[in-house]
Visitor: 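Below: one structure in structure tokens.
The figures here come from the full heavy-atom set of this structure, side chains too, leaving out hydrogens, waters and symmetry mates.
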Amino acid sequence: MIYEIIYKLHSFFAYIVLAVLILAVINAITGSTKNRMFTLEKDFRISLFALILSHIQLLIGVILYFVSPKGFYAISELGMGGLTSASRLLAVEHPFINIIALVFITIGWSKHKKIMEANRKFKTIAIFYGIGLVLILSRLPWAQWFA
């Protein structure tokens, strides 16, 4: 029961996180190419929401990892050698790569705060959030999304 609730929450919330993260990357790229000023009302908030929502999704994912039969339980029951490619994606690759993606997003957020120049702020967010987005997209269980 708890597994199903957390699984549905994690799955639904993923769409929101991806949308806001894509918005943050596109906003940073357009801000950099158009030499816009970095504003607190728009640019700062979009980047902050992407950071916060990504971390909430990670927290939900960590909880799911330990209550799901496809996460830690699968590794402890089958061992690393007993996992199929689909179960390895869910039990190992998806969590590991997404943690790395969140590290990049967090580094991008921290670095942009120290920069005073708007164009460099946008570039920093675009690069680090972009790397995080690509990593997240690379390890999504796409077969489950469209099934």
Side-chain angles (χ1 to χ4, degrees), residues 1-75 80 83 85-147:
M1 171 86 174
I2 189 80
Y3 160 70
E4 293 172 7
I5 294 169
I6 295 172
Y7 175 75
K8 288 188 188 304
L9 179 63
H10 186 68
S11 297
F12 172 74
F13 203 63
Y15 292 105
I16 297 168
V17 171
L18 281 176
V20 174
L21 195 53
I22 289 168
L23 177 66
V25 171
I26 290 171
N27 181 61
I29 291 170
T30 58
S32 177
T33 57
K34 293 182 179 182
N35 290 321
R36 281 191 292 120
M37 290 299 298
F38 191 88
T39 64
L40 290 177
E41 295 80 28
K42 179 185 172 197
D43 306 310
F44 181 83
R45 286 185 180 165
I46 290 172
S47 303
L48 179 61
F49 286 150
L51 175 80
I52 291 170
L53 293 175
S54 298
H55 279 85
I56 291 170
Q57 178 71 347
L58 176 67
L59 180 62
I60 296 168
V62 168
I63 293 167
L64 180 62
Y65 184 76
F66 288 104
V67 299
S68 169
K70 299 175 185 176
F72 182 73
Y73 180 78
I75 295 172
M80 288 298 287
L83 297 174
S85 63
S87 60
R88 187 181 66 241
L89 172 67
L90 294 174
V92 180
E93 296 168 6
H94 177 74
F96 181 70
I97 295 299
N98 285 333
I99 289 169
I100 292 172
L102 262 289
V103 168
F104 274 103
I105 292 168
T106 305
I107 290 170
W109 174 258
S110 296
K111 283 183 152 298
H112 109 277
K113 290 191 315 181
K114 297 174 184 169
I115 299 170
M116 301 309 281
E117 184 183 330
N119 197 29
R120 286 187 54 218
K121 277 183 175 287
F122 282 125
K123 284 182 181 178
T124 301
I125 291 171
I127 290 168
F128 284 94
Y129 280 43
I131 291 170
L133 177 61
V134 168
L135 287 173
I136 289 169
L137 291 173
S138 76
R139 293 295 101 198
L140 279 181
W142 291 105
Q144 290 182 358
W145 273 44
F146 299 112

Visitor: Please, which pairs that meet salt bridge (charged side-chain N to carboxylate O under 4.0 Å, His left out) have at least one residue in residues 117-137, sequence neighbours excluded?
Guide: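 Not a single pair qualifies under salt bridge (charged side-chain N to carboxylate O under 4.0 Å, His left out).
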Visitor: Check the pair Val67, Tyr7 against side chain to side chain contact (heavy atoms under 4.5 Å, CB included), reporting the backbone distance first and the verdict last.
Guide: CA-CA 9 Å; Val67 299; Tyr7 175 75; over 6 Å; no
Visitor: Might you point out which heavy atoms bring Glu93 and Arg139 nearest each other, and give the distance in Å?
Guide: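 For Glu93 versus Arg139, the nearest heavy atoms are OE1-NH1, 2.8 Å.
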Visitor: Suppose the criterion is ring-ring contact (aromatic ring centres under 6.0 Å, His included): which pairs have a residue in residues 120-139, not counting sequence neighbours?
Guide: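 For residues 120-139: Phe38-Phe122.
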Visitor: Would you say Ile127 and Phe104 make side-chain contact, with heavy atoms under 4.5 Å?
Guide: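 Sidechains of Phe104 and Ile127: no contact.
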Visitor: In Å, rounded to the nearest 0.5 Å, how long is the span from OG of Ser54 to CD1 of Ile16?
Guide: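 Answer for the OG-CD1 pair, Ser54 versus Ile16, is 12.0 Å.
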Visitor: Quick one: side chain to side chain contact (heavy atoms under 4.5 Å, CB included) partners of Ile29, sequence neighbours excluded?
Guide: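 Residues passing side chain to side chain contact (heavy atoms under 4.5 Å, CB included) with Ile29: Val25, Thr33, Ala126.
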Visitor: Kindly compute the distance separating OG (Ser68) from CD (Glu4), expressed to the nearest 0.5 Å.
Guide: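 So the OG of Ser68 and the CD of Glu4 are separated by 11.0 Å.
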Visitor: Surrounding CZ of Phe49 (heavy atoms of other residues, nucleotides or ligands, distance under 6.0 Å), is the total greater than 12?
Guide: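 No, because the 6.0 Å sphere around CZ of Phe49 holds 12 heavy atoms or fewer from other groups.
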Visitor: Rounded to the nearest 0.5 Å, how far does CD1 of Ile105 lie from CD1 of Ile136?
Guide: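 One gets 4.5 Å once the value is rounded to the nearest 0.5 Å.
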Visitor: Which residues pass the side chain to side chain contact (heavy atoms under 4.5 Å, CB included) test with Ile26, sequence neighbours left out?
Guide: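 So Ile26 forms a side chain to side chain contact (heavy atoms under 4.5 Å, CB included) with Ile22, Thr30.
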Visitor: About how many Å separate CD1 of Ile6 and CD1 of Ile63, when rounded to the nearest 0.5 Å?
Guide: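 Here the rounded value is 5.5 Å.
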Visitor: Which pair of non-hydrogen atoms, one from Ile97 and one from Leu135, has the smallest distance, and what is that distance?
Guide: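 Nearest pair, atom of Ile97 first, then Leu135: CG2-O, 3.4 Å.
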Visitor: Please list all pairs meeting salt bridge (charged side-chain N to carboxylate O under 4.0 Å, His left out) that have one or both residues in residues 31-57, counting only residues at least two apart or in different chains.
Guide: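 Those involving residues 31-57 are Arg36-Asp43.
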Visitor: Looking only at heavy atoms, what is the nearest atom pair of Ala24 and Ile125, with distance?
Guide: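 Residues Ala24 and Ile125, closest heavy atoms: O-CG2, 4.4 Å.
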Visitor: Tyr3: what forms a side chain to side chain donor-acceptor pair (under 3.5 Å) with it, not counting sequence neighbours?
Guide: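 So Tyr3 forms no side chain to side chain donor-acceptor pair (under 3.5 Å) with any residue.
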Visitor: How far does CG of Asn98 sit from CG of Leu137, to the nearest 0.5 angstrom?
Guide: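 Between Asn98 CG and Leu137 CG, I get 9.5 Å after rounding to 0.5 Å.
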Visitor: Might you point out which heavy atoms bring Val17 and Leu53 nearest each other, and give the distance in Å?
Guide: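 Heavy-atom minimum between the residues: CG2-O, 3.5 Å.
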Visitor: Within this structure, what is the NE2-CG distance for the pair His10 and Leu59, rounded to the nearest 0.5 Å?
Guide: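 Between His10 NE2 and Leu59 CG, I get 11.0 Å after rounding to 0.5 Å.
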Visitor: Verify side chain to side chain contact (heavy atoms under 4.5 Å, CB included) between His55 and Thr106, making sure each step is shown before the conclusion.
Guide: CA-CA 9 Å; His55 279 85; Thr106 305; 3.0 Å; yes
Visitor: Taking all heavy atoms of Thr124 and all of Gly108, pick out the closest pair and write down the distance.
Guide: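 In terms of heavy atoms, the two residues are closest at CG2-O, 3.8 Å.
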